[in-house]
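Presented below is the structure to which this report refers.
Worth saying up front: this structure is predicted, and the values here are computed from it rather than measured.
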Amino acid sequence: MKILIIEDERSLAEDISRYLSGEHYLCETAATYAEAIEKIELYSYDCILLDIMLPDGNGLDVLKHIKEIKKRDGVIILSAKDAIDDRVKGLQLGADDYLPKPFHHSELAARIFSVIRRKYFDNANVFTANEISVDLLANTVTVNGIPLHLTKKEYALLLLFLGNRGKTIPKSALAEHLSGDLADMLDNHDFVYAHVKNLKKKLNEGGTKNYIKTMYGIGYKWES
């Protein structure tokens, strides 16, 4: 799962990124309005943490842009404790949640989890797709009740496929999901094939059907 932290206070952005990285999230940061708009237009995120006060613009305008270009990314507003009007306006514009500063890491993680669970996994803590069961809180996977051991990237891929079941995911989007904006600097996306191949192998050996279909020349699709 991929998070964009839009926050101009560098130490806070680094602190949030460090904590969420330990919670199995791939984190990117943007410190200005311009940088935030660029990343939102180029990439997709499972959840965006949006500070209202930016040095070159207003976070609410970032939120408006997200909705105008019809991005599906979840949005949590991070606001000053007394900025009630901004929080209300943000929710009216389509933000999924808000969190007043200062906040505890554990509460932030819980809010992010809630947004992602609601948007992609039918609001369930344990998401089941046929014989596969994913405990989203424990970050564990079982097949027919038997634990399936995945690497961090394989688990991230599985969640991406399950959260977008029935949709073709381009290879470039998979590369971006695994490597963030570093994917643009890679000569090719062959590493995606290797991770998908390993995930398919582990799922099949665990007793699942072949749900991951190759869409030749495009990417992959989860078909159940």
Any ion pair linking Arg18 and Glu14 (charged N to carboxylate O, less than 4.0 Å)? no
Determine, for Lys209 against Glu131, whether the closest basic-nitrogen to carboxylate-oxygen distance falls under 4.0 angstrom. no
Side chains of Pro100 and Arg87: closer than 4.5 Å at any heavy-atom pair? yes
Leu136 CG to Phe127 CZ distance, which is reported to the nearest 0.5 Å: 8.5 Å
Just by modelled atom types, is the Ala194 backbone N or O under 3.5 Å from a matching donor or acceptor in the Asn198 side chain? yes
Closest non-hydrogen atoms of Ala31 and Asp8, given as atom of the first, atom of the second and distance, are O-CB, 3.3 Å
Going by atom type alone, with no hydrogens or angles, which donor-acceptor pairs under 3.5 Å involve a side-chain atom of residues 162-169 and a protein atom two or more places apart or on another chain?
residue: Asn164; atom: ND2; partner: Leu160; partner atom: O; Å: 2.9
residue: Arg165; atom: NH1; partner: Tyr120; partner atom: O; Å: 3.4
residue: Arg165; atom: NH1; partner: Leu162; partner atom: O; Å: 2.2

Do Tyr211 and Asn130 get their side chains close enough for a donor-acceptor pair, meaning under 3.5 Å? yes
What is the ring orientation for His105 with Tyr19, classed by angle as parallel under 30°, tilted 30 to 60°, or perpendicular over 60°? parallel
Drop me the distance from His65's NE2 to Leu93's CG, to the nearest 0.5 angstrom. 14.0 Å
Go through the structure and list residues passing side chain to side chain donor-acceptor pair (under 3.5 Å) with Lys202, not counting sequence neighbours. Glu154
Could you check whether any side-chain heavy atom of Asp73 comes within less than 4.5 Å of a side-chain heavy atom of Asp46, counting everything from C-beta outward? no
Leu174 reachable from Ile218 in the ILVMFWY side-chain graph, under 4.5 Å edges: no
Salt bridge (Lys or Arg N to Asp or Glu O under 4.0 Å) partner of Lys101, chosen from Glu9, Glu7, Glu107: Glu7
Kindly indicate whether the side chain of Leu54, heavy atoms from C-beta on, has any atom under 4.5 Å from the side chain of Val62. yes
I'd like to know if Asp86 pairs up with Lys89 as an ion pair, taking the criterion as any Lys NZ or Arg NE/NH1/NH2 lying under 4.0 Å from an Asp or Glu carboxylate oxygen. no
Only counting residues at least two apart or in another chain, list the ones meeting side chain to side chain donor-acceptor pair (under 3.5 Å) with Tyr155. Asn139
Polar side chain donor-acceptor pair, Glu28 to Tyr45, under 3.5 angstrom: yes
Decide yes or no for Val134 and Val126: does some side-chain heavy atom of the first lie under 4.5 Å from some side-chain heavy atom of the second? no
I want to check something: taking the side chain as every heavy atom from C-beta on, are Gln92 and Val88 in contact at a cut-off of under 4.5 Å? yes
Straight-line distance of Met1 CE to Cys27 SG, nearest 0.5 Å: 13.0 Å
Electrostatic pair Arg111:Asp96 at N-O distance under 4.0 angstrom: no
Can you measure from CD1 (Ile77) to CG (Asp97) and round to the nearest 0.5 angstrom? 9.0 Å
